[in-house]
Amino acid sequence: LHPFMPFITEELWQRLPHAGDSIMVAPYPKATRRQTDAAAEQAMAPIMAAVTAVRTIRGEMRIAPSVTLAVTIRPGAAAGSFAESAPFIEALARAAVTVDGAARRPPASALAVVADAELYVDLSGVVDLAAERQRLEKEIKRVEDFMAQVAAKLARPEFVERAPAEI
């Protein structure tokens with residue numbers, strides 16, 4: 001809490017075993033190699049990747065943060081960690097998580113692969129797929145037009161001669 005609540009943190013500091021006169025002049029704590037747990041970090045990596053994948057899908061599909069998504073996880077070897085960590089994934093990704101080893105991909109869903117697990121994010125009722133298809137087609141057309149402009153510039157020898165190397 002320090003320095004946001006200096007009076008409270010100073011009072012706590014004075015009541016706990018410490019070195020130095022005040023928390024205001026104490027050095028910031030530094031982690032040591034003994035305090036890291038490689039096994040815990042390795043166990044948490046698929047869970048963190050699952051949360052990131054759901055958030056990425058939410059962002060790419062322009063789904064409001066207030067919408068709770070239905071997510072089904074078909075785990076591979078890390079089945080236990082996903083089952084145990086489902087409440088954390090639900091809280092951090094704002095999703096209702098189901099872990100099912102025999103799950104099949106729903107028809108209107110987004111797919112993410114995390115470690116050896118597949119995540120199915122059900123988009124039915126959340127995303128207008130026809131509007132999303134139109135948006136993507138418009139984006140593809142915009143990129144194709146841009147590529148055509150770049151190709152036309154590169155076809156002109158005077159542009160290639162004058163343009164800096166990085167361009």
Side-chain angles (χ1 to χ4, degrees), residues 1-5 9 28-31 33 35-156 159-160 163-167:
L1 295 173
H2 193 77
F4 302 107
M5 301 176 120
T9 54
Y28 194 80
K30 294 180 179 150
R33 291 190 186 270
Q35 293 171 320
T36 60
D37 187 351
E41 289 180 14
Q42 187 176 5
M44 282 304 296
I47 307 308
M48 292 168 45
V51 171
T52 301
V54 173
R55 288 179 175 179
T56 299
I57 290 170
R58 182 185 295 275
E60 287 176 354
M61 301 303 276
R62 298 182 176 149
I63 300 170
S66 61
V67 175
T68 301
L69 298 173
V71 176
T72 303
I73 300 176
R74 188 176 83 190
S81 65
F82 283 114
E84 293 171 2
S85 302
F88 300 118
I89 298 170
E90 288 177 345
L92 295 170
R94 185 139 183 139
V97 176
T98 305
V99 180
D100 183 5
R104 297 283 175 239
R105 184 175 180 187
S109 66
L111 168 70
V113 177
V114 173
D116 61 346
E118 292 182 357
L119 280 72
Y120 309 122
V121 180
D122 190 8
L123 301 175
S124 59
V126 178
V127 174
D128 181 6
L129 296 178
E132 185 64 19
R133 179 169 285 133
Q134 276 185 331
R135 183 186 72 79
L136 290 173
E137 288 172 354
K138 187 177 176 181
E139 180 69 14
I140 289 169
K141 172 91 170 88
R142 186 187 68 77
V143 170
E144 287 173 345
D145 290 346
F146 176 74
M147 289 174 53
Q149 286 177 338
V150 171
K153 284 182 182 178
L154 292 174
R156 295 190 344 241
F159 175 80
V160 176
E166 64 269 6
I167 293 178

Who passes side-chain contact (heavy atoms from CB on, under 4.5 Å) against [X], sequence neighbours left out?
| X | answer |
| --- | --- |
| Gln35 | Ala31, Thr32 |
| Pro164 | Glu166, Ile167 |
| Val160 | Leu154 |

Show the atom names and distances, to 0.1 Å, of all donor-acceptor pairs under 3.5 Å that link a side chain in residues 43-60 to residues at least two apart or in another chain.
{"unit_1": "Thr52", "atom_1": "OG1", "unit_2": "Met48", "atom_2": "O", "d": "2.9"}
{"unit_1": "Arg55", "atom_1": "NE", "unit_2": "Leu92", "atom_2": "O", "d": "3.0"}
{"unit_1": "Arg55", "atom_1": "NH2", "unit_2": "Leu92", "atom_2": "O", "d": "2.8"}
{"unit_1": "Thr56", "atom_1": "OG1", "unit_2": "Thr52", "atom_2": "O", "d": "2.8"}
{"unit_1": "Arg58", "atom_1": "NH1", "unit_2": "Ala64", "atom_2": "O", "d": "2.8"}
{"unit_1": "Arg58", "atom_1": "NH1", "unit_2": "Val67", "atom_2": "O", "d": "2.8"}
{"unit_1": "Arg58", "atom_1": "NH2", "unit_2": "Val67", "atom_2": "O", "d": "3.1"}
{"unit_1": "Arg58", "atom_1": "NH2", "unit_2": "Ala93", "atom_2": "O", "d": "3.0"}
{"unit_1": "Arg58", "atom_1": "NH2", "unit_2": "Arg94", "atom_2": "O", "d": "2.8"}

Smallest separation among heavy atoms of [X] and [Y], with atom names:
| X | Y | answer |
| --- | --- | --- |
| Ala108 | Leu129 | CB-CD1, 3.7 Å |
| Val71 | Ala95 | CG2-CB, 3.6 Å |
| Ala96 | Thr68 | N-CG2, 3.8 Å |
| Pro75 | Val99 | CG-CG1, 3.8 Å |

How would you list, by chain and number, every residue that makes a side chain to side chain donor-acceptor pair (under 3.5 Å) with [X], sequence neighbours excluded?
| X | result |
| --- | --- |
| Ser109 | Arg105 |
| Arg156 | Glu158 |
| Glu118 | Arg74, Tyr120 |
| Arg33 | none |

With [X], which residues qualify under salt bridge (charged side-chain N to carboxylate O under 4.0 Å, His left out), at least two apart?
| X | value |
| --- | --- |
| Asp145 | Lys141 |
| Glu144 | none |
| Arg135 | Glu132 |

According to the side chain to side chain donor-acceptor pair (under 3.5 Å) rule, which pairs have a member within residues 121-130, sequence neighbours left out?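 Checked against side chain to side chain donor-acceptor pair (under 3.5 Å) - neighbours excluded - the pairs reaching residues 121-130 are Asp122-Ser124.
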Spacing of Ile140 atom CD1 and Lys138 atom NZ [to the nearest 0.5 Å]: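 Separation between the atoms: 13.5 Å.
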Can you establish whether the number of heavy atoms outside Leu136 located under 6.0 Å from its atom CG is more than 12?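 Enclosed.
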So Phe82 and Val97, side-chain contact (heavy atoms from CB on, under 4.5 Å) or not? Walk me through it. CA-CA 10 Å; Phe82 283 114; Val97 176; over 6 Å; no
With a 4.5 Å cut-off on side-chain heavy atoms, are Ile89 and Ile73 touching?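 Yes. Closest side-chain heavy atoms under 4.5 Å.
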